[in-house]
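The figures that follow rest on heavy atoms only: side chains count, while hydrogens, waters and symmetry mates do not.
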Amino acid sequence: MASRNPTRQDATLNDGNSFSPLMLASPSSMINQIKFEDEPEVKDLFITVDEPESHITAIETFITYRIATKTTRGEFDSSEFEVRRRYQDFLWLKSRLEDAHPTLIIPPLPEKFIVKGMVERFNDDFIETRRKALHKFLNRIADHPTLTFNEDFKIFLTAQAWELTSHKKQGPGLLSRMGQTFKAVASSVRGVKNRPVEFTELAEYVEAFGQKISVLDKVSQRILKEQKDYYEEMKEYGPIYTLWSASEEDLVDPLRGVAGCIDKCCKVTEALNSKLSNDLIPIIHEYVLYSETLSGVQRRRDLIQAELDAKVDALVKQKADKDVVSYSKFLGEHPPLFSLIDEP
């Protein structure tokens with residue numbers, strides 16, 4: 001697979017918007033907007049997640065997002081689509097992709113619930129953070145050479161809400177149900193008999209990496225929280241020194257100087273907190289999500305290996321049973337010589 005130009009900065013991963021304000025509206029004009037140096041193909045599928053809306057019912061409150069798609073692919077019935085999806089729909093899509101491609105790395109989704117105490121659910125910051133993450137999720141699928149042609153992905157982008165609900169109710173097909181039966185048998189087998197050494201080493205590496213990156217993620221979150229508390233406290237001291245200088249004529253300049261220093265520290269701390277929350281922590285947390293995704297891929301790979309081992313064992317046993325039956329039948333038709341001699 002061709003590698004992308006490392007110098008190219010992907011706008012979809014930074015500001016969460018793949019539609020440039022200078023981009024023309026027609027799909028035919030969009031195909032020349034993005035082209036990788038090492039790839040002969042051009043980008044032909046553009047997806048934007050925007051316009052979050054809150055929905056309140058008698059039993060739940062949820063957010064839906066507009067999914068706008070523009071494409072030049074022939075398998076689509078139109079060049080533009082617009083649907084609304086909620087978080088549960090994204091979970092469904094991820095699950096279907098994992099079922100269809102169990103050994104591929106499916107891009108991670110943001111967690112359903114955020115870290116307690118960090119951001120209140122459904123406030124503007126949380127909704128915007130999730131919107132960017134969902135946008136990134138869909139565009140990573142669109143850029144994947146295999147996942148982008150998945151039929152469920154196409155339905156997710158094009159089907160209206162009632163059509164998607166109907167499609168979800170169809171459930172797995174016959175082959176999928178048969179596969180689930182084999183999985184149930186394989187999952188009862190402890191461990192994998194013939195796992196290659198490289199997969200064992202990879203599993204150990206991913207586990208160690210996941211533990212370390214999780215610790216780093218938690219430490220980063222704690223540092224950010226402490227920095228925010230420090231910033232809030234420091235903001236209160238500046239005005240105090242300013243008011244104090246008004247009542248102390250001999251200390252006006254020193255007190256105002258302290259107030260000015262505190263103000264500068266506040267600005268620097270605010271900028272640092274912004275960098276931490278917008279640049280560093282999301283990237284570290286994404287590594288956490290990808291390490292969990294890799295662990296999931298390895299578990300599914302082991303499950304497939306266990307299925308194979310179970311089927312091989314079943315075939316061996318079947319062949320052995322067949323050989324026993326054939327040998328017994330042969331003995332019935334051709335008794336041993338010593339049995340003939342012993343007969344009166």
Side-chain angles (χ1 to χ4, degrees), residues 9-17 21 49-56 60-66 87 108-137 209-292:
Q9 190 174 17
D10 192 346
T12 65
L13 304 184
N14 293 329
D15 60 6
N17 190 353
V49 179
D50 58 12
E51 297 183 12
E53 289 183 1
S54 178
H55 300 262
I56 302 175
E60 63 177 341
T61 299
F62 60 93
I63 306 295
T64 63
Y65 302 84
R66 185 183 78 123
Y87 182 78
L109 274 172
E111 297 94 336
K112 185 172 184 177
F113 299 107
I114 54 177
V115 180
K116 184 177 180 180
M118 294 301 297
V119 184
E120 293 182 3
R121 193 181 181 207
F122 296 151
N123 72 3
D124 293 341
D125 291 338
F126 169 74
I127 293 174
E128 177 62 14
T129 299
R130 172 169 283 186
R131 181 198 68 78
K132 289 182 177 180
L134 296 177
H135 174 93
K136 187 185 297 185
F137 170 74
F209 175 81
Q211 292 175 352
K212 294 177 180 179
I213 200 67
S214 295
V215 171
L216 183 60
D217 182 49
K218 292 177 181 178
V219 171
S220 300
Q221 296 279 5
R222 186 166 64 247
I223 290 175
L224 177 61
K225 184 179 184 304
E226 293 176 354
Q227 284 287 104
K228 287 184 175 180
D229 292 341
Y230 172 67
Y231 170 74
E232 293 299 327
E233 291 180 4
M234 193 162 46
K235 279 199 309 182
E236 299 177 1
Y237 282 101
I240 292 176
Y241 279 94
T242 301
L243 292 175
W244 188 5
S245 66
S247 60
E248 295 285 350
E249 296 182 359
D250 296 337
L251 300 175
V252 171
D253 292 338
L255 291 176
R256 287 182 178 177
V258 172
C261 290
I262 293 176
D263 183 62
K264 291 180 180 178
C265 289
C266 284
K267 292 179 180 178
V268 172
T269 303
E270 185 179 21
L272 177 61
N273 291 344
S274 177
K275 286 290 184 181
L276 285 173
S277 60
N278 296 327
D279 297 336
L280 179 62
I281 290 180
I283 293 175
I284 293 176
H285 191 66
E286 195 163 67
Y287 273 109
V288 174
L289 297 179
Y290 262 108
S291 67
E292 295 172 353

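- S291 approaches I213 most closely through the heavy-atom pair OG-CG2, 4.2 Å.
- The NZ atom of K235 sits 14.5 Å away from the SG atom of C265 when rounded to the nearest 0.5 Å.
- Listed by chain and residue number, H285 satisfy the side-chain hydrogen bond (donor to acceptor under 3.5 Å, both in side chains) test with D217 (two or more places apart in sequence, or in another chain).
- Contact between S274 and S277 at its shortest, heavy atoms only, is O-OG, 3.3 Å.
- For the pair L289 and P108, the tightest heavy-atom approach, listed with the atom from each and the gap, is CB-CB, 3.6 Å.
- Atoms CD1 and CG, on I223 and L276 in that order, are 7.5 Å from each other to the nearest 0.5 Å.
- The environment of OH in Y290 is crowded: more than 12 heavy-atom neighbours from other residues, nucleotides or ligands sit within 6.0 Å.
- Among residue pairs with one or both ends in residues 269-286, those qualifying as salt bridge (Lys or Arg N to Asp or Glu O under 4.0 Å) are K136-E286, R140-E286, K275-D279; sequence neighbours excluded.
- By the 30° and 60° cut-offs, the orientation of the rings of H55 relative to F62 is parallel.
- Checked by atom type and distance alone, the side chain of Y287 never pairs as donor or acceptor with a backbone atom of F209 at under 3.5 Å.
- Taking every heavy atom of both residues into account, S220 and I281 meet most closely at O-CD1, 3.6 Å.
- Closest non-hydrogen pair, T269 versus Y231, comes out as CG2-CB, 3.9 Å.
- With contacts defined as side-chain heavy-atom distances shorter than 4.5 Å, the pair P110/Y87 qualifies.
- To the nearest 0.5 Å, the span separating NZ on K132 from CG on L134 amounts to 12.5 Å.
- Residue pairs satisfying the salt bridge (Lys or Arg N to Asp or Glu O under 4.0 Å) criterion with at least one member in residues 243-265, sequence neighbours excluded, are listed as follows: D263-K267.
- Between P52 and I63, the shortest heavy-atom distance links the atoms CB-CG2, 3.9 Å.
- Rounding to the nearest 0.5 Å gives a distance of 7.0 Å between CH2 of W244 and CG of L251.
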Let me see the working for S247 and L243 under side chain to side chain contact (heavy atoms under 4.5 Å, CB included), right down to the final yes or no. CA-CA 7 Å; S247 60; L243 292 175; over 6 Å; no

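- Looking at heavy atoms from C-beta onward, R130 lies out of side-chain contact with I127 at the 4.5 angstrom threshold.
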